[in-house]
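Down below is the structure, laid out as structure tokens.
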Amino acid sequence: MCFFQCLCSSLRDPDRFSLSSESDSSWVNATKFLTGASAVGSIAIPTILKHAGVIGWGALAMELSSFFVFVFAIMCYIRMNDEDDYSIL
């Protein structure tokens, strides 16, 4: 339930979500690009390795679950960072 609340609250207002905000800084744009490339690579590389038969289903499931735990932690951080009293509810 907390993941759904964090996700919805972060995506409800596009101005609050830092990845969708526009900026004129080239460093910010480079950081967003590298973050996106890292996120895509962390899903694509294990999927390609599974397809090639290098890793098994367990390794793929473990990597994908760690990715979703990481995304959950980021969404909760964004949600808690926007609140003054740091309350989950």
Open item on the list: Could you see if I48 belongs to whatever hydrophobic cluster contains I43? Use Ile, Leu, Val, Met, Phe, Trp, Tyr and a side-chain cutoff under 4.5 Å.
Closed with: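 In one cluster with I48: I43, no.
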Task: F67 with M62, same ILVMFWY side-chain cluster at under 4.5 Å - done: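 No.
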- [ ] State, to 0.1 Å, how close I55 and K50 come at their nearest heavy-atom pair, and which atoms those are.
- [x]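 Smallest interatomic distance, heavy atoms only, reads O-CD, 3.4 Å.
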Open item on the list: Testing the basics here: between P46 and G41, what is the closest heavy-atom pair and its distance to 0.1 Å?
Closed with: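 P46 and G41 have their closest heavy atoms at CD-O, 3.9 Å.
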- [ ] Report the distance from atom CG of L64 to atom OG1 of T47, rounding to the nearest 0.5 Å.
- [x]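 If I round to the nearest 0.5 Å, the distance is 5.5 Å.
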TODO: Rounded to the nearest 0.5 Å, what's the gap from CE on M75 to CZ on F68? Could you check?
DONE: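 Answer rounded to 0.5 Å: 11.5 Å.
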Task: Donor-acceptor contact below 3.5 Å, side chain S38 vs main chain L34 - done: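 No; zero donor-acceptor contacts below 3.5 Å.
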